[in-house]
Participant: 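This is the structure I want to talk about, given as structure tokens.
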Amino acid sequence: MNMNIGVIRGDGIGPEIVAQAQKVLEKVCAKFGHTISYTDILMGGCSIDACGLPLTDEAIEAARNCDAVLMGSIGGDAATSPWYKLEPSLRPEAGLLKLRKSLGLYANLRPAYLYRELADSCPLAAKDGGRTFDLIIVRELTGGLYFGDRFTKVIDGVETAVDTLKYDENEIRRIAKTAFDIAMKRGKKVCSVDKANVLDTSRLWRKIVAEVAKDYPEVSVSNMYVDNCAMQLVLEPEQFDVIVTENMFGDILSDEASMITGSIGMLSSASLNETSFGLYEPSHGSAPDIAGKNIANPIATILSAAMMLRYTFGLQQEAEAVEEAVKKTIADGYRSVDLMPRGEEAASLIMQKCDELGDRICERV
Ligand code: NAD
């Protein structure tokens, strides 16, 4: 297969971590007999410097012409970077919002996986025998409260702000199908999260999810209120496989889920539209504090590339080869700086620079 991949290196550590993911992809190609054509796409601060805009129409067109886009991260230090003296619509992050919107990326996938060897970085008390979990949050990304009508005005002499929360059945059906399709490729369990005891949108959500579930008899489905889900994620994250939820609940729960792994440099993400196109990027930002030092952890970006192999190209075996190579690298004791424990335990581990860790993973693909 030839894979036509757009590459947004972006700002800060972006170029360093994307280079490692590309190295791993090259190894996958050599091993499984695929080829890749890359198209470089400018977005973020580097695009502002080169073109005066965080994302040009040409860049959107270039992304549209690719099968998928692999991205590093964009943005800089808001306190010192001249990009943040521009009006909000011209700042680096505006480029990403515009790209998501232009490409109709309605489904955001955020896996949270706790490696046994990294269980010590999990802020939750370890269970006997060691804790691990492997869940994915499927968040609706283009509807709900963040996209509803809003206004602030004085009503009866009182300053009042209103945000509206609206979902239609088609928006819910689309994201529910995405979640069930993903569950079929994983543990065949979907937990739909809502607030159906209070909200009409949630009651419609629950009804449509139940309808979609009928087409997936192999998948077990449950419903959970969002407040309970926030609690359960901390109490027993092992119980979850796929969580599907609306935009704002997903925003909050996916950050919670990623932090209970305790290692921001490990967490991948994907944003998908109704075709097989996807934007794949790490969950973390551009880490300007460590940019250019070759010490960033490239694993989140490498695992995002693995998601691309699975979800855009349908290459399950190849995706697993990358994920297994990451697990093996961790199990063999290799760590980037952010994963190094303090104290005696560090003595048995081997600290790696960003590019060295990329090499160790390549060797294990
Ligand atoms: P950040 O995620 O960039 O950094 C937070 C902390 O985590 C920093 O100490 C950083 O050094 C560390 N860190 C992050 N990624 C790491 C990695 N791969 N390896 C090792 N350490 C890592 O968050 P921030 O500092 O709040 O944001 C910096 C910039 O990134 C801002 O401009 C922000 O808007 C942008 N941002 C971009 C995206 C994106 O591109 N999608 C997402 C979040 C933030």
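Atoms within each ligand, like the ligands themselves, are counted from 1 in listed order.
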Participant: Distance below 4.0 Å between atom 5 (C) of ligand 1 and any protein heavy atom?
Facilitator: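 Flag for atom 5 (C) of ligand 1 set to false, no protein heavy atom closer than 4.0 Å.
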Participant: Is Glu26 salt-bridged to Lys23, cutoff N-O under 4.0 Å?
Facilitator: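 Result for this pair is no, no salt bridge flagged.
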Participant: Counting heavy atoms only, which part of Asp289 comes closer than 4.0 Å to ligand 1: side chain, backbone, both or neither?
Facilitator: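 Answer for Asp289: side chain.
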Participant: Tell me which protein heavy atom sits closest to atom 41 (N) of ligand 1, plus the residue, atom name and distance to 0.1 Å.
Facilitator: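 For this ligand atom, the closest protein heavy atom is Glu281 OE1, 2.9 Å.
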Participant: Can you name the atoms of ligand 1, numbered from 1 with element, that are less than 4.0 Å from a heavy atom of Ser73?
Facilitator: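 Near Ser73, meaning under 4.0 Å from one of its heavy atoms, ligand 1 has 40 (O).
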Participant: I'd like to know if Asp134 and Arg186 make a salt bridge, using a cut-off of under 4.0 Å between side-chain N and carboxylate O.
Facilitator: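 Here Asp134 pairs with Arg186 in a salt bridge, since their nearest N and O are under 4.0 Å apart.
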Participant: Between Arg360 and Asp332, does any NZ, NE, NH1 or NH2 come within less than 4.0 Å of an OD or OE carboxylate oxygen?
Facilitator: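 Here Asp332 does not pair with Arg360 in a salt bridge, since their nearest N and O are not under 4.0 Å apart.
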Participant: Polar contacts were defined as any N/O atom of the residue lying under 3.5 Å from an N/O atom of the ligand; does this apply to Ser283 and ligand 1?
Facilitator: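 In fact, backbone or side chain, Ser283 has no N or O that close.
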Participant: Distance to 0.1 Å, residue and atom name: give those for the protein heavy atom nearest to atom 12 (C) of ligand 1.
Facilitator: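 Ranking protein heavy atoms by distance from atom 12 (C) of ligand 1, first comes Ala287 CB, 4.4 Å.
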Participant: Are there over 12 heavy-atom neighbours, none belonging to Glu87, within less than 6.0 Å of that residue's CD?
Facilitator: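 Counting neighbours around CD of Glu87, more than 12 heavy atoms of other residues, nucleotides or ligands fall under 6.0 Å, so yes.
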Participant: Going by atom type alone, with no hydrogens or angles, which donor-acceptor pairs under 3.5 Å involve a side-chain atom of residues 302-309 and a protein atom two or more places apart or on another chain?
Facilitator:
| from | atom 1 | to | atom 2 | distance (Å) |
| --- | --- | --- | --- | --- |
| Ser304 | OG | Glu281 | O | 3.0 |
| Ser304 | OG | Ala300 | O | 2.7 |

Participant: Can you tell me if Pro288 contacts ligand 1 (heavy atom of the residue under 4.0 Å from the ligand)?
Facilitator: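 Judged by the 4.0 Å heavy-atom criterion, Pro288 does count as contacting ligand 1.
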Participant: Tell me the closest heavy-atom pair linking Arg110 and Ser283, and the distance in Å.
Facilitator: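 Minimum heavy-atom separation between Arg110 and Ser283: NE-OG, 3.1 Å.
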Participant: Using distance alone, decide if ligand 1 has a nitrogen or oxygen within less than 3.5 Å of any nitrogen or oxygen in Ile264.
Facilitator: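 So ligand 1 has no N or O lying under 3.5 Å from an N or O of Ile264.
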Participant: Which bit of Ile290 is near ligand 1, meaning a heavy atom under 4.0 Å away: side chain, backbone, both or neither?
Facilitator: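 Only the side chain of Ile290 comes within reach of ligand 1.
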Participant: If I compare all heavy atoms of Gly75 with all of Ser286, which pair ends up nearest, and what's the gap?
Facilitator: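 That closest heavy-atom pairing would be O-OG, 2.7 Å.
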Participant: Contact between ligand 1 and Ala300 is defined here as a heavy atom of the residue under 4.0 Å from a ligand atom; is it met?
Facilitator: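 Ala300: no contact with ligand 1 (<4.0 Å).
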Participant: Please check if a non-hydrogen protein atom sits closer than 4.0 Å to atom 18 (N) of ligand 1.
Facilitator: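 Yes.
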Participant: Atom 25 (O) of ligand 1: protein heavy atom closer than 4.0 Å?
Facilitator: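 No, no protein heavy atom sits under 4.0 Å from atom 25 (O) of ligand 1.
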Participant: Compute the shortest N/O to N/O distance between Ile74 and ligand 1 and return yes if it is under 3.5 Å, no if not.
Facilitator: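 Yes; at least one N/O pair falls below 3.5 Å.
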Participant: Examine the proximity of ligand 1 to Ile13 and report which part, side chain or backbone, both or neither, has a heavy atom under 4.0 Å away.
Facilitator: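 It is the side chain that touches ligand 1; the backbone stays farther off.
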Participant: What pair of heavy atoms forms the shortest contact from Phe277 to Leu279, and how long is it?
Facilitator: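 Smallest interatomic distance, heavy atoms only, reads CE2-N, 4.3 Å.
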Participant: When you look for heavy atoms under 4.0 Å from ligand 1, do you find them on the side chain of Tyr84, its backbone, both, or neither?
Facilitator: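 Looking at Tyr84 and ligand 1, just side chain atoms fall under 4.0 Å.
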Participant: For Tyr106 and Asn273, work out which heavy atoms get closest and say how close.
Facilitator: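 In terms of heavy atoms, the two residues are closest at CE2-C, 3.5 Å.
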Participant: Considering only heavy atoms of Ala296, which atoms of ligand 1 have at least one such atom less than 4.0 Å away?
Facilitator: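 Heavy-atom distances to Ala296 below 4.0 Å select 19 (N).
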Participant: Between Glu323 and Arg310, is the closest basic N to carboxylate O distance under 4.0 Å?
Facilitator: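 Yes, charged N to carboxylate O under 4.0 Å.
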Participant: Within the structure, does at least one protein heavy atom fall under 4.0 Å of atom 34 (O) of ligand 1?
Facilitator: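 Answer yes: something from the protein, a heavy atom, is under 4.0 Å.
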Participant: May I ask you to say whether Lys353 pairs ionically with Glu356, meaning some side-chain N is under 4.0 Å from a carboxylate O?
Facilitator: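 Looking at Glu356 together with Lys353, the answer is no, because their closest N to O distance does not fall below 4.0 Å.
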Participant: Measuring from atom 29 (C) of ligand 1, which candidate in Ser286, Ser81, Gly285 has the nearest non-hydrogen atom?
Facilitator: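 Among Ser286, Ser81, Gly285, the closest heavy atom to atom 29 (C) of ligand 1 belongs to Ser286.
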Participant: Report, in ascending order of atom number, the atoms of ligand 1 lying under 4.0 Å from any heavy atom of Leu96.
Facilitator: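 The atoms of ligand 1 under 4.0 Å from a heavy atom of Leu96 are 41 (N).
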Participant: Return the orientation label for the Phe32 and His34 ring planes: parallel under 30°, perpendicular over 60°, tilted otherwise.
Facilitator: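 If you compare the ring of Phe32 with that of His34, the planes turn out parallel.
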Participant: Within 45° of the ring axis of Phe180 and under 6.0 Å from its six-membered ring centre, is that where the NZ or CZ of Lys177 lies?
Facilitator: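 No, Lys177 does not sit over the ring of Phe180.
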Participant: Please classify the Ile295 to ligand 1 contact at 4.0 Å (heavy-atom distances, strictly less than): side chain, backbone, both or neither.
Facilitator: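 For Ile295, no heavy atom sits under 4.0 Å from ligand 1.
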Participant: Got the closest protein heavy atom to atom 31 (C) of ligand 1, with its distance?
Facilitator: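 I find the closest protein heavy atom is Gly76 O, 3.5 Å.
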